[in-house]
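To start, the structure under review is shown below, and the notes come after it.
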Protein chains: 2
Amino acid sequence: MPTKEMEEARSLFIRRWGEMAACWGVSRTMAEIHALLYLATEALCTDDVMDQLSVSRGSASMNLRELVNWGLITRLHRRGDRKEYFEAETNAWTMFETIVRERRRREVQPIVETIEKCLEMTEPHGAPRKSDPNDDAESCRQRLTDILEFFELMNTLFNLMMKGGHHGVPTLLKRIGKILG
Amino acid sequence: MPTKEMEEARSLFIRRWGEMAACWGVSRTMAEIHALLYLATEALCTDDVMDQLSVSRGSASMNLRELVNWGLITRLHRRGDRKEYFEAETNAWTMFETIVRERRRREVQPIVETIEKCLEMTEPHGAPRKSDPNDDAESCRQRLTDILEFFELMNTLFNLMMKGGHHGVPTLLKRIGKILG
DNA sequence: TCATCCTTTCAAAACCTTCTGAAAGGATTC
DNA sequence: GAATCCTTTCAGAAGGTTTTGAAAGGATGA
């Protein structure tokens, strides 16, 4: 039997999680559903979501599907039950990995490709000459290159973090801490 | 004299940067202005922004102010000129640091505080008993704790990355790479 | 085959964000 | 003080996103 405090805490977290989502380009309802499932101790069905968050069937269905697409929740069938149930990934690091991978694929990759294209388009042709920082085009290219390198470095960092599973990260951090004194 | 290719590349990058922004909860125009200033070799005034991006004076003014608030661009006055000019931070790492710091303050901090409050609200009172993973409330608290720890770890990582300036990061990555083989 | 149960779809509605443009505000120069 | 120049503000318009709810789709069991 869930206590009153527990219910309040749960709903507080769900609401805040939903509010924050807007800042990150995720719809409030989708984030609330995610939070609801993250805290749920057992899989919930569409009607549970509708009831607990007061959203329509359509919205619940769309948002649940989207969450499945993101890989943040999974469908679950139960023998002898026609309903579909949903379950969230509950390991915070796995969640993080999933989100970063998806965002990288959907959002970072396109911009990286665009930058590469921009650099190709503006490749200085003719005799190679010393790069002149006063040259408008050259400094523009330089900035594009800087951003590109930044993305590449972040990519490397993420790959390193995910290497060796989630347990690696806290250990990794301790080691970095030592390196940096 | 900017070449035709350079102009095309510039506008391509600006548009893509703007498109990506929506995914991250930033308005397209604000991101486009940011990209425009990032690539600009000299400070631009409001009219430059209006002309080059075809936006209204009001929008340019609002978005420029917002960018100043974020600390991504700075105002610039020139002797003998009434206009205000704007200049972007052009170091990618400084930019990154600014963005992460601001987002942390605005978006991560509130959710961390909410989680802490949730945990306080649901502190088990009475005789301390063994935590029981089957207990609904206890497993809910556990998940909240997990998320909290995740945020704390990310916080530590960011602080480490920023320790010792931007040059530290590539070096750091190389070292981590060696540690992990 | 029909009835039931559940999910998905989608056009219309509701809602929210952003932009526009004109007006007001404020600083500087003549 | 008036004119000029530039910035800011904000109500209304425009545009975009999300939700709703009803209808269609599809599976299962009687």
Side-chain angles (χ1 to χ4, degrees), chain A residues 14-15 17-37 42-70 72-87 106-107, chain B residues 14-15 17-37 42-70 72-87 106-107:
Chain A
I14 291 172
R15 253 176 302 140
W17 197 257
E19 279 161 19
M20 284 308 109
C23 303
W24 295 88
V26 174
S27 92
R28 174 195 302 265
T29 305
M30 186 169 135
E32 287 192 347
I33 295 178
H34 183 221
L36 177 68
L37 288 170
E42 53 178 5
L44 302 181
C45 69
T46 308
D47 290 84
D48 294 332
V49 172
M50 288 167 62
D51 293 347
Q52 298 203 34
L53 300 180
S54 307
V55 295
S56 69
R57 186 170 298 283
S59 185
S61 174
M62 300 271 259
N63 284 300
L64 282 167
R65 177 168 40 155
E66 195 62 9
L67 283 166
V68 171
N69 280 345
W70 272 80
L72 290 170
I73 66 175
T74 48
R75 275 173 214 281
L76 197 85
H77 292 274
R78 283 181 179 163
R79 290 251 164 275
D81 192 340
R82 289 196 193 167
K83 278 205 200 77
E84 275 187 324
Y85 291 82
F86 298 89
E87 212 177 33
R106 300 176 187 206
E107 297 150 20
Chain B
I14 291 172
R15 254 177 300 140
W17 197 256
E19 280 161 17
M20 284 307 109
C23 302
W24 294 88
V26 174
S27 90
R28 174 194 302 264
T29 305
M30 186 168 135
E32 287 192 348
I33 294 178
H34 182 220
L36 177 68
L37 288 170
E42 54 178 5
L44 302 181
C45 69
T46 309
D47 290 86
D48 294 331
V49 172
M50 288 167 61
D51 294 347
Q52 299 203 34
L53 301 180
S54 307
V55 295
S56 70
R57 185 170 299 282
S59 183
S61 174
M62 300 272 258
N63 284 299
L64 283 166
R65 178 169 39 156
E66 195 62 9
L67 283 166
V68 171
N69 280 345
W70 272 79
L72 290 169
I73 67 175
T74 48
R75 275 172 213 281
L76 197 86
H77 292 273
R78 284 181 177 162
R79 291 250 162 274
D81 193 340
R82 290 196 195 168
K83 278 206 201 77
E84 274 187 324
Y85 292 82
F86 297 89
E87 212 177 31
R106 300 175 187 208
E107 298 152 19

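Sequence lines set the chain letters: A, B, ... in the order given, protein chains first and strands last, and positions in each chain run from 1.
Between R79(B) atom CZ and dT29(C) atom C1' there is a gap of 16 Å when expressed in whole angstrom units. For the pair D51(A) CG and dC6(C) C1', the interatomic distance rounds to 15 Å; values are reported in whole Å. Rounded to whole angstrom, the span from the CG atom of L64(B) across to the P atom of dT9(D) amounts to 13 Å. Taking atom NZ on K83(B) and atom P on dT28(C), their separation rounds to 16 Å, with Å as the unit. Whole-Å rounding puts the D81(A) CG to dC5(C) C1' distance at 10 Å. Computed from coordinates, the E19(B) CD to dG16(D) C1' distance equals 15 Å when rounded to whole Å. Straight-line distance from the CZ atom of R28(A) to the P atom of dC16(C): 8 Å, rounded to whole Å. Between the CD1 atom of I33(B) and the P atom of dT18(C) there is a distance of 13 Å, rounded to whole Å.
Take the nearest nucleotide of DNA chain C for R57(A) and for A22(A): the residue whose nucleotide is more 5' is R57(A). Nearer the 5' end of DNA chain D, as judged by each residue's closest nucleotide, is the contact made by Y85(B), out of M30(A) and Y85(B).
When distances run from any side-chain atom of S27(B) to the nucleotides dT9(D), dT20(D), dT18(C), the shortest one goes to dT18(C). Of the candidate nucleotides dC6(C), dT20(C), dT7(C), dC6(C) has the atom nearest to the side chain of R82(A). In this structure, the nucleotide among dT8(C), dT28(C), dT20(D) sitting nearest to the side chain of R75(A) is dT8(C). With dT20(D), dT8(C), dT7(D) as the choices, the nucleotide that has an atom nearest any side-chain atom of E84(B) turns out to be dT7(D). Among dT7(D), dC6(C), dT20(D), the nucleotide with an atom closest to any side-chain atom of S59(A) is dT20(D). Checking dT8(D), dT7(C), dC10(C) against the side-chain heavy atoms of T46(A) singles out dT7(C) as nearest.
The aromatic rings of W24(A) and W24(B) stand perpendicular to each other, their planes meeting at an angle above 60°, with 30° marking the opposite boundary.
Using a 4.5 Å heavy-atom threshold, the side chains of R65(B) and R75(B) count as touching.
Listed pair S61(B) / dT8(D) meets the phosphate criterion, a side-chain N or O lying under 4.0 Å from OP1 or OP2.
Across every non-hydrogen atom of F86(A) and I73(A), the tightest pair is CD2-CD1, 3.8 Å. Summarising the geometry of W17(B) relative to A31(B), their closest heavy-atom pair is CD1-O, 3.2 Å, with the distance given to 0.1 Å.
Contacts of R65(B) with the nucleic acid, taken as non-hydrogen atoms under 4.0 Å apart, involve only primed sugar atoms and P, OP1 or OP2.
The residue from T46(B), D47(B), D48(B), L76(B) that alone fulfils the side chain to side chain contact (heavy atoms under 4.5 Å, CB included) condition with K83(B) is D47(B).
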